[in-house]
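Data block below; observations after.
This one's a predicted model, so the numbers in the text were calculated from it and none came from an experiment.
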Amino acid sequence: MQIEVHLAVILAQRGVSGRALAKHIGITQANLSLLRQGKVKGVRFETLAKICDYLDCQPGDLFTFRRD
C-alpha cells in the first residue's frame, strides 16, 4: 500500500513555486521538497491546512491511496 503525493502537480497547475509555498506555510524548501517526493512519514494537520488554504484545494487533491 502506498500514499501518492500530488503536490508537485498542483503547484504546477496553479503556477506556484515551491519557494513561495514554503515561505507562506513556514517550512524549509528542503522539507517541502521531501513532502513533494513523498519521502516523509507524516504531515501535521496545521501544515496541511496551510497548504490547502494557499493552494485553494482539499487534502484529497494532494494525496491518493494505492494498493500494491
Original post:
What pairs meet the side-chain hydrogen bond (donor to acceptor under 3.5 Å, both in side chains) rule with one or both residues in residues 5-22, with sequence neighbours excluded?
Top reply: His6-Thr64
Original post:
Of the options Ile10, Ile25, Asp61, which is the one that meets Leu55 in a side chain to side chain contact (heavy atoms under 4.5 Å, CB included)?
Top reply: Ile10
**OP:** Kindly indicate whether the side chain of Ile27, heavy atoms from C-beta on, has any atom under 4.5 Å from the side chain of Leu21.
**Re:** no
Original post:
For Leu7 and Leu32, which heavy atoms make the closest approach, and how far apart are they?
Top reply: CD2-CD1, 3.6 Å
Original post:
Of the non-hydrogen atoms in Leu48 and Pro59, which two are nearest, and what is the gap between them?
Top reply: CD2-CB, 4.0 Å
Subject >> Residue pair Cys52 / Leu62: nearest heavy atoms and the distance that separates them >> reply: SG-CD1, 3.9 Å
Original post:
Can you tell me if CD on Gln58 sees more than 12 non-hydrogen neighbours from other groups inside 6.0 Å?
Top reply: no
Subject >> Distance, nearest 0.5 Å, that separates CD1 of Ile3 from CZ of Phe65 >> reply: 6.0 Å
**OP:** Apply side-chain hydrogen bond (donor to acceptor under 3.5 Å, both in side chains) to Gln37 and list each qualifying residue two or more places apart in sequence or on a separate chain.
**Re:** Ser33, Lys39
**OP:** Drop me the distance from Asp53's CG to His24's NE2, to the nearest 0.5 angstrom.
**Re:** 5.5 Å
**OP:** Write down the atom of Gln2, the atom of Arg66, and the distance for their closest heavy-atom approach.
**Re:** OE1-NH2, 2.6 Å
Subject >> Hydrophobic cluster membership, Val43 vs Val9, 4.5 Å side-chain cutoff >> reply: no
